[in-house]
Amino acid sequence: MTNTLIVYYSRKGENYCNGEIKNLEKGNTEIVAEMIRDITGGDIFQVNTAQPYPESYRACVGKAVDEYKKGARPELKEYMKNIEQYDIIFVGYPNWCGTMPMAMFTFLEHYDWRGKRIAPFCTNEGSGLGVSERDIKNICKGAEIEKGLSIHGAEAADSRNKVEVWLEELNI
């Protein structure tokens with residue numbers, strides 16, 4: 001069994017991409033998560049909320065902003081049984097409100113991260129990682145937080161080289 005886990009939240013359907021709303025068959029973060037899995041051979045787990053976000057991009061943004069302002073912790077469909085066997089965990093998400101979607105906060109707050117190595121990656125349309133690295137450090141006490149990777153969402157499908165360079169920098 002591998003000691004690498006890729007955990008991510010991703011949104012398919014209506015998304016903001018290069019200045020316009022497009023319908024994506026697969027979310028950008030999922031594309032990058034699958035690249036990391038393919039390169040590392042790690043296990044993969046997708047975070048899903050119990051109540052799906054609205055299909056409309058604008059309605060989804062409204063809900064995400066509301067959750068952020070309230071510090072909400074949306075209920076998740078499921079959790080992993082345990083993460084004890086994993087040494088390195090890649091944590092992926094789109095940048096929502098300058099950080100991770102609140103569902104990722106829900107997921108991360110559920111586990112003990114002591115002794116783990118966490119490598120964040122984020123897809124976005126120009127806002128980078130925002131304050132998500134800081135937020136992960138605050139949640140995942142006792143973990144070593146690596147320098148995160150920011151991928152322009154519209155370029156996710158063509159980012160394999162960027163992902164490989166980042167993994168080499170992390171000695172993975």
Side-chain angles (χ1 to χ4, degrees), residues 4-40 42-81 83 89-111 118-136 139 148-164 166-167:
T4 302
L5 172 66
I6 302 96
V7 60
Y8 69 96
Y9 175 83
S10 191
R11 177 176 166 81
K12 63 182 177 181
E14 282 191 5
N15 275 273
Y16 184 78
C17 226
N18 280 337
E20 61 185 346
I21 295 176
K22 295 182 178 178
N23 191 26
L24 304 180
E25 289 185 31
K26 185 180 281 194
N28 294 321
T29 307
E30 183 175 9
I31 291 169
V32 177
E34 289 175 349
M35 280 181 198
I36 296 169
R37 179 204 55 208
D38 293 347
I39 295 166
T40 66
D43 294 336
I44 196 163
F45 181 82
Q46 182 173 9
V47 173
N48 288 298
T49 54
Q51 296 297 318
Y53 286 96
E55 290 184 28
S56 157
Y57 171 76
R58 294 193 196 297
C60 180
V61 168
K63 183 170 182 176
V65 168
D66 185 57
E67 286 179 349
Y68 174 75
K69 287 179 179 177
K70 292 177 178 174
R73 297 299 186 262
E75 182 182 343
L76 302 183
K77 271 188 179 178
E78 64 181 328
Y79 291 90
M80 296 189 64
K81 290 186 175 141
I83 59 163
I89 295 105
F90 292 90
V91 176
Y93 45 88
N95 183 324
W96 285 10
C97 302
T99 189
M100 305 174 285
M102 300 314 288
M104 290 304 293
F105 284 77
T106 304
F107 181 86
L108 293 174
E109 289 170 352
H110 188 76
Y111 298 97
I118 298 176
F121 64 99
C122 171
T123 58
N124 60 84
E125 284 300 305
S127 51
L129 289 153
V131 297
S132 64
E133 290 170 300
R134 180 201 67 197
D135 290 340
I136 291 170
I139 295 168
L149 175 66
S150 172
I151 298 283
H152 184 246
E155 299 169 1
D158 298 318
S159 65
R160 186 175 177 99
N161 185 59
K162 190 172 184 178
V163 170
E164 288 174 342
W166 178 60
L167 293 173

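Residue numbers count from 1 along this sequence. Just so it is clear, the values below take in all heavy atoms, side chains as well, and ignore hydrogens, waters and symmetry mates.
- Within 6.0 Å of NZ in Lys12 there are 12 or fewer heavy atoms belonging to other residues, nucleotides or ligands.
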Test side-chain contact (heavy atoms from CB on, under 4.5 Å) applied to Arg160 and Ile39, step by step:
CA-CA 9 Å; Arg160 186 175 177 99; Ile39 295 166; 3.3 Å; yes
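- The nearest pair of heavy atoms linking Arg37 to Ile6 is CA-CD1, 3.7 Å.
- Applying the side-chain hydrogen bond (donor to acceptor under 3.5 Å, both in side chains) test between Thr123 and each of Asn28, Thr29, Asn15 identifies Thr29 as the sole match.
- In this structure, Met100 and Leu108 have side chains that are in contact, with non-hydrogen atoms separated by less than 4.5 Å.
- Judged by distance alone, the side chains of Ser132 and Asn95 never bring a donor and an acceptor atom under 3.5 Å apart.
- Aromatic ring centres of Phe107 and Tyr9 lie farther apart than the 6.0 Å criterion allows.
- Taken to the nearest 0.5 Å, the CD1 atom of Ile36 stands 7.0 Å off from the CG atom of Leu149.
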Please lay out, stage by stage, how Phe105 and Thr99 fare under the test side-chain contact (heavy atoms from CB on, under 4.5 Å).
CA-CA 10 Å; Phe105 284 77; Thr99 189; 3.8 Å; yes
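- With a 6.0 Å radius and a threshold of 12 heavy atoms from other residues, nucleotides or ligands, Arg73 has its CZ atom above the threshold.
- Here the CD-NZ distance, from Gln46 to Lys77, works out to 9.0 Å after rounding to the nearest 0.5 Å.
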Test side-chain contact (heavy atoms from CB on, under 4.5 Å) applied to Val163 and Phe90, step by step:
CA-CA 12 Å; Val163 170; Phe90 292 90; over 6 Å; no
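- The minimum heavy-atom distance linking Met104 with Tyr8 is given by the pair SD-C, 4.2 Å.
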Show the numbers, then the answer: is there a side-chain contact (heavy atoms from CB on, under 4.5 Å) between Trp96 and Tyr68?
CA-CA 9 Å; Trp96 285 10; Tyr68 174 75; over 6 Å; no
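- For the atom pair CD1 of Ile31 and CG of Asp158, the computed distance is 9.5 Å after rounding to the nearest 0.5 Å.
- With sequence neighbours excluded, the residues that form a salt bridge (Lys or Arg N to Asp or Glu O under 4.0 Å) with Glu20 are Lys22.
- Nearest approach of Ala103 to Thr49, heavy atoms of both residues: CB-CG2, 3.6 Å.
- We find the CZ-CD distance between Phe45 and Glu78 to be 4.5 Å, quoted to the nearest 0.5 Å.
- A donor-acceptor contact shorter than 3.5 Å links the side chain of Glu125 to the backbone of Ala154.
- Pro94 approaches Cys122 most closely through the heavy-atom pair C-SG, 4.2 Å.
- Using modelled atom types, one side-chain atom of Tyr111 and one backbone atom of Met80 make a donor-acceptor pair closer than 3.5 Å.
- In summary, of the residues considered (Glu67, Arg11, Lys63), a side-chain hydrogen bond (donor to acceptor under 3.5 Å, both in side chains) with Tyr53 occurs for Glu67 alone.
- Between the Thr106 side chain and the Pro74 main chain, a donor and an acceptor come within less than 3.5 Å of each other.
- Of all the heavy atoms in Ile151 and Ser159, the pair that sits closest is CD1-CB, 3.7 Å.
- Counting all heavy atoms, side chain and backbone alike, Gly148 lies closest to Trp166 at C-NE1, 3.8 Å.
- For residues 25-34, every residue pair satisfying the salt bridge (charged side-chain N to carboxylate O under 4.0 Å, His left out) rule, not counting sequence neighbours, is listed here: Lys26-Glu34.
- Shown here is Glu109, whose CD atom has more than 12 heavy atoms of other residues, nucleotides or ligands within 6.0 Å.
- Atoms CD and CD, from Glu14 and Glu55 in turn, are 8.0 Å apart once rounded to the nearest 0.5 Å.
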